[in-house]
Structures are given as C-alpha cells and as structure tokens.
Amino acid sequence: MSTVETANATANNWLNTEGKPVIIAGPCSVETEDQMIQTAQRLKATGKVNMLRGGIWKPRTRPGMFEGIGAKGLPWMQKAKELTGLPITIEVAKASHVELALEFGVDVLWIGARTTVNPFSVQEIADALRGVDIPVLVKNPINPDLALWLGGVERLEKVGVTRLGGIHRGFSNSSEKIFRNRPQWQMAIDFKTALPNVPLINDPSHICGRRDLLASVAQKAMDLNFDGLMIESHITPDEAWSDAKQQITPEVFGDLISALTFRKHNVDAAEKTQLDQLRKDIDLIDEEIIHVLASRMKVAREIGRAKIL
Ligand code: PEP
Ligand code: MN
C-alpha cells in the first residue's frame with residue numbers, strides 16, 4: 001500500500017454533514033471588517049451554509065492588483081465565526097500563513113491552485129503542519145495534472161494530516177471561451193477513484209468566472225456525487241476587490257442552493273458496474289466535445305463580426 005492508500009483507508013468522510021454535501025461560502029477576498037461580518041451574517045441567515053470562507057492573502061496572476069488584506073483580516077474572520085457559530089476556512093500559501101491561521105482559530109485550511117503546482121510550497125506548508133491536527137483541502141493545480149494534485153494530498157498525509165479533502169476548481173486552458181477554468185470533470189472523477197475516501201468539493205465560482213453559469217455547474221457537481229460546494233459570496237459583488245464577475249450576494253447564493261437537487265449519495269449497485277462507469281465516462285467525453293465545439297463556434301462568430309467591421 002502506498003502512503004496515500006494508507007491514508008485513504010483511515011480517513012473517513014470527515015467533511016460530510018450527515019450525508020449531505022458541505023456548503024462553504026464567503027467572499028473571494030476579505031476586504032473590510034464590515035464587509036466580512038455582513039457577508040457572514042447574511043450567509044448564516046440563508047440557513048444554507050456550513051462553513052465560511054475568506055481570502056486573506058491573494059495570489060494574483062499579475063502584480064499591481066489587490067493582494068489581500070493580510071493578517072489584519074484574521075480578527076475579522078474570527079469575529080465572523082463567533083457571531084455566526086460557523087467554522088472558518090482560509091487559503092494558506094506558506095508556513096507563516098499556517099502559523100497565523102492557527103493563532104487566529106481558523107478551522108480548516110485550503111491550498112490554492114497556484115500553490116498546488118509547486119511541490120516546494122506544498123512541502124513548506126506540510127512541514128509547518130507536522131503534529132498539527134487541522135483539516136486541509138487541496139485545490140487542483142491550475143494545469144490538468146492529476147499526479148500533482150494527488151502529490152499535494154500525499155505530502156500532507158505524510159506529515160500526519162488525517163483530515164484531507166480536494167477542491168475541484170477547473171483547469172486553465174488558453175483555448176477556453178466559456179468557463180474561466182474548464183471543469184474537465186473526468187479529472188475530478190479520477191481524483192475520486194484514486195482517493196475514494198477523501199471528500200471532494202466543487203468550486204463553481206472559479207470554474208465559471210461568471211454568475212450565470214454557477215447554478216448549472218453546482219448541479220452538475222451534485223449529480224456527480226461531489227461531497228460539497230465552495231461558492232464565493234459578497235454583499236456588493238460588483239464592487240468586490242477581486243473576482244467581481246463571479247461573486248453573488250448571500251441571498252442569491254441561498255436561492256441557488258435551494259434550487260439544487262441533491263441526489264442520493266449511495267449509488268445503486270447496478271450503477272457501479274463497469275459498463276455503467278464506461279457509459280458515464282463516454283457522456284463526460286461527449287460533454288467535453290460539445291464544449292470545445294461551442295468554444296469554436298464562439299471564435300467563428302467573432303471572426304464573422306471582425307470581417308463586418
Ligand atoms: C480563491 O479561492 O479565491 C482562489 C484564489 O482560488 P484558486 O486558487 O482556485 O484560483
Ligand atoms: Mn476568488
């Protein structure tokens with residue numbers, strides 16, 4: 001048995017709330033105390049959220065953008081936790097982030113897509129977590145590389161982190177025209193196959209990059225038996241300091257979750273047959289093909305428009 005297989009045998013579905021998917025919501029970035037507290041309270045009022053998220057340190061693709069409020073925002077997250085009674089989760093990218101997160105009572109850590117790509121960074125986080133019992137969620141790397149994603153989980157498992165999870169946030173693809181990060185669902189299914197007892201959460205916000213697609217991606221994730229969702233929510237989404245186009249108000253978030261159909265978690269034995277699995281794989285490949293064709297049509301329309309001008 002490899003180390004990950006061993007972890008898998010012991011780690012249970014710690015994230016599941018009585019068989020229901022866990023729902024994590026909160027702003028992309030923590031901006032001000034008022035913004036964080038109001039978002040948290042309005043999310044709590046929906047009755048649809050199990051955990052609050054907030055970005056404290058933001059890894060931005062290009063310099064000069066808002067790079068996060070930093071440690072100053074941690075007491076605001078802590079206050080949001082006290083006022084709502086909900087656990088809190090933040091992104092950590094280096095050892096100093098881990099230390100501060102632990103100091104401020106953060107309940108769950110997550111590793112961002114730009115960090116999962118770098119084994120040195122993941123190892124630095126893992127080393128800081130040696131002997132610490134805190135759950136960690138590992139986002140998929142920005143590139144579609146399953147081994148890198150599994151490797152991130154394995155580095156944490158090796159230092160003794162037992163409560164691990166994955167977050168599927170889609171994959172960067174320069175030819176992508178519809179999603180911000182193409183979902184490539186098969187990759188998420190492959191993660192689940194490799195680590196069947198490690199909960200896998202879907203992040204429709206970073207997959208879609210836009211509000212109008214969130215509900216369909218969230219439903220798709222539920223249909224595929226994901227263990228939860230992470231969705232970005234902001235009191236005034238259009239004014240958000242990061243990821244404005246994909247954030248939704250707490251009330252819109254509440255409606256989105258209410259409209260989802262939650263499937264039964266234990267699939268029937270018949271559905272588990274190899275033939276059924278292969279059929280599902282074909283469906284996912286067909287979906288990818290349709291998606292690539294849709295992207296092509298979009299480019300063709302743009303060519304048409306450019307010719308007219
Ligand atoms: C985020 O969760 O705000 C974030 C930066 O996500 P990702 O690492 O998926 O890009
Ligand atoms: Mn974001």
Side-chain angles (χ1 to χ4, degrees), residues 22-31 35-36 39-40 43 49 51-63 65-70 73-74 77 88-94 97 101 106 108-119 121-122 125 136-145 148-149 152-153 156 165-174 176 179-184 187-188 191 200-211 213-214 217-218 221 226 228-250 253:
V22 74
I23 310 289
I24 306 171
C28 175
S29 295
V30 175
E31 299 164 4
Q35 170 250 9
M36 186 62 221
T39 309
L43 281 170
V49 63
M51 196 184 299
L52 295 170
R53 63 153 278 157
I56 293 286
W57 299 281
K58 302 301 298 178
R60 305 311 297 274
T61 303
R62 311 208 38 190
M65 301 165 99
F66 175 61
E67 298 209 321
I69 203 75
L74 287 168
M77 287 287 292
I88 52 175
T89 181
I90 69 165
E91 174 177 350
V92 290
K94 48 189 183 177
H97 296 167
V106 172
V108 174
L109 306 177
W110 92 76
I111 296 183
R114 289 165 192 76
T115 304
T116 310
V117 286
N118 185 346
S121 300
V122 177
I125 294 167
V136 187
L137 304 170
V138 182
K139 283 201 174 193
N140 67 253
I142 44 180
N143 54 324
D145 185 335
L148 208 44
W149 195 6
V153 176
L156 294 159
I167 303 179
H168 168 233
R169 50 76 81 195
F171 303 89
S172 186
N173 188 312
S174 58
E176 178 58 54
F179 295 110
R180 180 176 175 195
N181 293 291
R182 190 178 287 176
Q184 298 192 218
M187 188 75 66
F191 178 95
L200 181 60
I201 288 176
N202 183 258
D203 172 349
S205 303
H206 291 90
I207 288 176
C208 299
R210 47 194 262 197
R211 293 170 199 141
L213 300 176
L214 291 174
V217 167
F226 272 73
L229 295 169
M230 180 188 259
I231 295 183
E232 288 187 340
S233 175
H234 192 288
I235 43 168
T236 45
D238 287 333
E239 288 160 32
W241 298 0
S242 60
D243 290 351
K245 289 202 183 94
Q246 68 196 35
Q247 301 207 61
I248 49 177
T249 62
F253 157 84

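Predicted model, so just to flag it, every value in this text is computed and none were measured. Ligands are counted one by one from 1 in listed order, and the atoms in each one are counted from 1 as well.
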Check: Quick one: do R53 and E232 make a salt bridge, cutoff under 4.0 Å?
Finding: yes
Are the side chains of M187 and N140 in touch, meaning some heavy atoms are under 4.5 Å apart?
-> no
* Asked: Do side-chain atoms of N202 reach the backbone of L229 as a donor and acceptor pair under 3.5 angstrom?
  -> no
In short, L148 meets T116 closest at the heavy-atom pair CG-O, 3.8 Å
Which label fits F66 and W241: parallel for a plane angle under 30°, tilted from 30 to 60°, or perpendicular past 60°? perpendicular
Here the atoms of ligand 1 under 4.0 Å from any heavy atom belonging to C28 are 3 (O)
Ligand 1 atoms nearer than 4.0 angstrom to some heavy atom of R53 are 1 (C), 2 (O), 3 (O)
The option among H168, K58, K139 carrying the non-hydrogen atom nearest to atom 7 (P) of ligand 1 is K139
* Using 4.0 Å as the upper bound for N to carboxylate O, is an ion pair formed by K58 and D243? -> no
Checklist entry - Is there any N or O on A113 that sits under 3.5 Å from an N or O of ligand 1? => result yes
Row for the Mn ion (ligand 2): angle OD2 (D243) to OE2 (E232), 10° precision, value 130°
- Criterion side chain to side chain contact (heavy atoms under 4.5 Å, CB included) on H206 and K139, from CA distance to verdict: CA-CA 11 Å; H206 291 90; K139 283 201 174 193; 3.7 Å; yes
Closest to atom 9 (O) of ligand 1 (heavy atoms only, candidates R169, E232, E91) is R169
Quick look: M230 vs ligand 1, heavy-atom contacts under 4.0 Å, and the answer is neither
Here the atoms of ligand 1 under 4.0 Å from any heavy atom belonging to G112 are 8 (O)
Next on the checklist: Just to check, does G55 reach to within less than 4.0 Å of ligand 1 when the distance is taken from its heavy atoms?
Outcome noted: no
the protein heavy atom lying closest to atom 4 (C) of ligand 1 turns out to be H206 NE2, 3.4 Å
